[in-house]
**Q** 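What follows is a structure written as structure tokens; I'll ask about it next.
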Amino acid sequence: MSSLPSHSRYQDFIDVSDEELSISDFNSVYQSVKRLSARWKQIAISLLLGINTINLIEANCRADPTYCLQKVLEYWLRKDYDYERYGIPCWRKVCVAVREGGGDPALVDKIAREHPLPATTGRTTPHPLPATTGGATPHPLPATTGGATPHVSTSSKGTFRSDIAHRVMTECTSLIKNCGIDIHLLVEKLLERKIINVRQKRGITDGYTKQTAGERMDKLLNLISSPIRAIGEIFGIFLDILREEGTRRTIALADKLLQKYYSFDNAPDQVQFDDSTFKSDIAYRIMTENASLIKNCVIDVSSLAEKLLEHNIINAREKREIVYGNAEQSDGERMDKVLHIISSSIRMDEEVFDIFLAILREEGTRRTMKLADNLLQEYCPNQVQCDNDALSKWLQEGEVNLTVKRVQMLGPPGSGKTCTRRLLLNEDPPEEALTDSTPIACRAVKATRISVADGCMKEVDAKALLSRLACDLKEEVSKQKEAPIDINYDTCKSKEESSETISTDSPETKATESADPTESADPTKSADATESADATESADATESADDPDANKMRKDIVEAIPTAKANLNCNWVYIVDSGGQTAFQELLPLFTRPASLNIVTLDLSKDLDEKLDLQYRIDGTSYPCDSEFSYSNIEFLKDVLSSGTVSQPYHKKFPGYFVLGTHSDDDKATPEKIKKYNEELSSLTSGSKAEKGYRIIPAKLGEIIYSVNTMLKSGPDRRKISKKLCDIILHDRISNDTLKMPVRWFAFELTLLKKAGNGSCLKKHDVLSIGKSLEMKKEDTEQALLYLHNATIILYYPEVLPDIVFVDPHPILDTLLRLLALTYNIDVAHLHLLTKAGVDILDSDDLSKLRKRGIFTKSLLDMLNGDQGFSKSDFIKLLLHLHIIAKTEDGYFIPSALPPYTGPPPESDVTNPLVIVWRNPVTEEILPVPRGILSLAVVNLRTFKQPEFRFPTKDTSTHQKRKLVPFISLKKNKCIEIYFKSKVLKHCPLILEAVTEAINNSSEAINLKPDGHEFAFACCSKDCYCIVMNEAEEKVECLCDESAIISGQEKYWSWFHVTYQNPATEGSKLLDIKDLREILKLLREGHFNGDWEGLGIELGLYQHPTLSNIQHNCTKEGEAALRKCLTAWLQRVDAVDENSGATYASLANALDTLGQKAVADHIHREYQIHSPQQETKIIQGTPHILDIIYIRDVRSSLKKGNFNDSKWRDLGAQLCLLPDTLKTIEDDHSGISRRLRETLVKWLKGANDVSPSWGSLVKALEAIKENEAAEHIRCKWIKRKHT
């Protein structure tokens, strides 16, 4: 254990561990301090990094605080500072840095508690084994039978048998000697761990005059091997020391020793290495034989050392020894040392040879590039040569057959979704049982692309995908008959011509529908556009595509040919992890595409019907969320399955569901509880797939749920469970999808990721440039972007952000996550994790507005933490486009931020609430409301100006007093209810039409079946509904035994059609003082000219004394006089009763007499007041003058007549709406369907003094050549009226 320099700054932490930290401890240190990324520079100074190092980090990381902090810790843990003067990296120094640089005392205390100074036990406690790089992990061994029992010791990650460990050390002596580890460093480490003593150390290090370096290493290895024969634990400690060295060769040596240990353990007489050992020997021989050639290559030794450090081939200590070591050493001697290290590393890890060749090529001189080609040719003398023509031909024409399976992880918060994903990939479990909550989707919609081979899943990273592309290219070139020509990297450019875009019916490659296709309606314009497009295409064809990143990708593919193994024709699985919080689950369908297979995780430690304590976790601390909307495991599962029932089938296939029971190691997960789960789940599997609308994949015959401990430690048991899970998933072939993929699309994706670097998005012109360099036309690039949007981490929304491609969309979802997290009851001490440094969000009115009303502002977004990489305006545009938010007068409304409304519904004695339910189309069972549909529908409805909808919030003052505002709410997750308090029944059909459109649009957005919902009314029985079967005949179907009698009751059917009432029931209804506010509103809306005195006379009020007194008392304010005049009229003074009384009809007649026809007509329309002649025609048939109540009939008639919605403007003009009115509609609404609706609403409400009728609609349709729609209306409405 190394000591720290004596300094008062460390005295407060003498009880904190001072054991040395290495690069293998990076994750642990970073997770502890990542919240302080905004103060990375202060932390770097506190850790005593040099100023040049800090400036270099800032420049290379483009001032990204998170990335900068990561690099600071990396430099520090690699001891790339004067550690001999300032001390080794340890937790004690972390505490000092957090206190001085981070300014977070609470975090300091937390770190100090978690990393105390180890108690002295007589021997040094070995470090835990760092994570290996692809190697196996020690595991518990079964008891041996027969003979002497060998000593078994427990390492930090498992146990080692001493006899096997000793055999490994003995047989691998030569391998260890040639790994290039510094003998002095090794001796120091062994002394620290008390494997050797001081006398033995002196015998090795001080006897150099009598012994060669090889003899000293032989002696040291003998000192290590001898005690291993007795104590197997020492083998694990030796592996620790190798990994702590932190170079590729020492880590690879540790992995090889461990691999050999397992091979002896499993089959002692059949020890085999993979072919990489043979290939590494070949590369080692090539490096040795060409040492003089490499030395004369004129490559700078300091530059080479820097690049070797970047790739972990050497560590910081070795770099210093090479660059600043013995001053008497010549450059040749230093180069000899470097080449020795490289050669030793290659013997351990063949990838080092590829890295060295890449370094030579990066030098950019003909000499170094030629040297790399010669070494590669000697390594692979029979390799396939690829010229530029062959490469271009492959990019243009190459395609692969993929079998794709999309898997989505679903489950309540804390149910183990992320741990399950790691188990599927056979990755180690997280270090802590509780991790921070997953965002809406893993890396905001990041689909983990994996390949399936040998029954296990393995993640395919960028390097592996590049290798597969190279393998496919190698196979293609080998088929061609041209003579091989060495590729010229200086002139490698893309071809001018590219192949035709491969068309497919797969949803991944279908083009996004244009928001407004009216531009294609004009044949002349279309022809001009075609000619222009042809000219542009011709110009594009002659323009040289020269994107440096794309050209680099072309070179990388060719250079990977020699080591390429697996091809692209294989199975692919895309896994999407998701957050379990209610708001996250509602938004998930907007960012993910349909999954063919869903893995649902349920916590078996919870009872089937136990209400879950829903939590949001941040920085290891859990906080309650969704407290007003908790659910049980079985309720969550039924909710998920119901969404599958009403969803559009993926490629005409029913979605599959695999239920995984997690936390099986918990004492509460008893066999009896698991049996109860299986019994309940079995009831959900009854019936055919067609009846249910989904498939449940059983764990095995007779059992549905698969119980597992996802936190199982690394080892054979974990690998066995991982393989079994993979077998179950892969065996489900129904969820597979087969498609042909152009190979250039893979290269395109890799290039996008490379070009974006640490950024989150690219400009469209850069993306098109990449496509050109990869032999892709513009149309092909658009198609590839659409595929990547649907299947990978790349998002593209050309409808709203046509110039931006989100290569990494995590800034979008992280910002959205932080916004939603502010609505949870998070401790004030953790708010800095969500907000920028120095921001006091508690004093902001914006925070209160968000939590109470679900309203946020741009200024609130500016307070949130994180490098978003795109503008706030683009973020808002995207959320508006996805209907996640709606614009309001004071910000943006996001319903997902609000909990379900639990207050009382508004009461109305005029209408009963309208109910929207979803039913299984076969079993007719009422299903839970699909996830996400309500918040989407609410946002859609908020875009309607007529009528204006309100959503219930904690702040009820905004909607309780507005009678004309419809009220929408979710009732116990079983139905959506629509309330309307006003007595103006003519608005009910308009509300219904708006709700229908909003639900349909929302269903399409989250891939639900069209028209999957049904309208209903609440039944007198609890939890029962009367489904509307025939609105014209007012027929319903009650789902209970009791029959409902609601036919003819206006409180129900006014939602569908308003019966025209005679003056006795509406226009001539006696009014009183309570109606004063409504009358004043009508007069303002009709633009009354203020002649209150003339109006009073026509209403029956006397000039003296009534009107004279009003004039005397209200000389200054005209509206006050009008109010007193109407008050007297409503009190029916003077001769009011002799003049037809206080009614809307008498008011309209008085205004008409005064010449206020516009105001009178407005009242006539609002309250359906007609002359006796009109009333007779209305009773006998369809009225001449239409009103807003006919909105559903008009839209339905146009739809049945196949009206082209893109002609909405032409129709509006023929219906005599003014150009300004149509321009306003176009500016306020983006979709053609919505523009048509608003045009019809304006027309039916009499805007611009039009008189709507069926006849005028027919004439307008005929004028714009929509004869089919005109004939349909004529037959259904006009002819029927005259019969």
Side-chain angles (χ1 to χ4, degrees), residues 406 408 410 440-441 445 507-508 510 512-513 576 578 582-598 600 635-657 689-695 735 790 881-884 895-896 914-941 943 968-971 973-978 992-1016 1025 1027-1028 1199 1231 1233-1234:
R406 284 171 178 75
Q408 191 167 84
L410 303 172
I440 297 167
V445 201
E508 293 79 15
K510 286 184 179 178
T512 305
E513 183 180 355
V576 178
S578 64
T582 301
F584 296 1
Q585 289 288 305
E586 287 185 346
L587 296 172
L588 180 65
L590 292 172
F591 292 100
T592 58
R593 296 303 164 269
S596 54
L597 178 63
N598 301 271
V600 184
E635 287 174 334
F636 179 86
L637 180 59
K638 288 182 177 179
D639 183 25
V640 169
L641 295 178
S642 70
S643 294
T645 299
V646 298
S647 295
Q648 290 273 38
Y650 176 72
H651 285 195
K652 300 181 180 179
K653 300 174 183 177
F654 294 103
Y657 293 88
K689 292 180 293 185
E691 290 177 343
K692 299 189 301 289
Y694 57 82
R695 301 176 300 112
S735 56
N790 288 327
H881 170 71
L882 296 175
H883 288 104
I884 294 174
S896 300
L914 180 66
V915 176
I916 305 172
V917 297
W918 279 260
R919 283 202 299 174
N920 187 305
V922 178
T923 64
E924 298 186 347
E925 172 192 7
I926 295 293
L927 302 172
V929 175
R931 291 175 299 150
I933 192 71
L934 177 64
S935 56
L936 269 178
V938 166
V939 172
N940 270 280
L941 290 172
T943 64
I968 182 170
S969 68
L970 180 69
K971 184 177 181 181
N973 203 34
K974 294 181 179 179
C975 67
I976 294 176
E977 292 183 332
I978 311 293
L992 178 61
E993 188 267 343
V995 169
T996 301
E997 180 171 328
I999 294 292
N1000 287 338
N1001 291 341
S1002 303
S1003 298
E1004 182 180 358
I1006 56 177
N1007 201 54
L1008 299 184
K1009 296 175 181 175
D1011 303 323
H1013 62 280
E1014 297 185 77
F1015 292 109
Y1025 304 97
I1027 308 297
V1028 176
K1199 184 177 180 180
S1233 178
R1234 178 61 63 83

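Computation of the quantities below employed the complete heavy-atom set of this structure, encompassing side-chain atoms and omitting hydrogens, waters and symmetry-equivalent molecules.
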**Q** Measuring from Thr996:OG1 to Ile916:CD1, what's the distance to the nearest 0.5 Å?
**A**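 Answer for the OG1-CD1 pair, Thr996 versus Ile916, is 7.0 Å.
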**Q** Rounded to the nearest 0.5 Å, what separates atom CD1 in Ile978 from atom CZ in Phe1015?
**A**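 Ile978 atom CD1 to Phe1015 atom CZ measures 8.5 Å (nearest 0.5 Å).
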**Q** How long is the straight-line distance from CZ of Arg406 back to CG of Leu597, given to the nearest 0.5 Å?
**A**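 Going from CG on Leu597 over to CZ on Arg406, the span is 12.5 Å.
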**Q** So do the side chains of Ser642 and Trp918 get within less than 4.5 Å of each other, counting heavy atoms only?
**A**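 SC-SC contact between Ser642 and Trp918 ruled out.
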**Q** Which pair of non-hydrogen atoms, one from Ser1233 and one from Glu997, has the smallest distance, and what is that distance?
**A**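 Taking Ser1233 first and Glu997 second, the nearest heavy atoms are OG-OE2, 4.4 Å.
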**Q** Run Arg931 and Asp639 through side-chain contact (heavy atoms from CB on, under 4.5 Å) and show every step you take.
**A** CA-CA 8 Å; Arg931 291 175 299 150; Asp639 183 25; 3.3 Å; yes
**Q** Could you state the interatomic distance from CG (Asn598) to CZ (Arg695), rounded to the nearest 0.5 Å?
**A**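 The CG atom of Asn598 sits 10.0 Å away from the CZ atom of Arg695.
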**Q** Once you round to the nearest 0.5 Å, how far does CG of Leu914 lie from CD1 of Ile976?
**A**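 Separation between the atoms: 10.5 Å.
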**Q** Mind listing the closest non-hydrogen atom pair of Tyr657 and Tyr694 along with its distance?
**A**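 Nearest pair, atom of Tyr657 first, then Tyr694: CE1-CB, 3.7 Å.
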**Q** Distance from Glu1004 atom CD to Leu936 atom CG, nearest 0.5 Å?
**A**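 Separation between the atoms: 11.5 Å.
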**Q** Applying side-chain contact (heavy atoms from CB on, under 4.5 Å), run through Asn1001 and His883 and close with a yes or a no.
**A** CA-CA 10 Å; Asn1001 291 341; His883 288 104; over 6 Å; no
**Q** Check the pair Val939 / Ile884 against side-chain contact (heavy atoms from CB on, under 4.5 Å), numbers first and verdict last.
**A** CA-CA 7 Å; Val939 172; Ile884 294 174; over 6 Å; no
**Q** For Val929 and Cys975, which heavy atoms make the closest approach, and how far apart are they?
**A**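 Distance-wise, the nearest heavy atoms are CG2-N, 3.4 Å.
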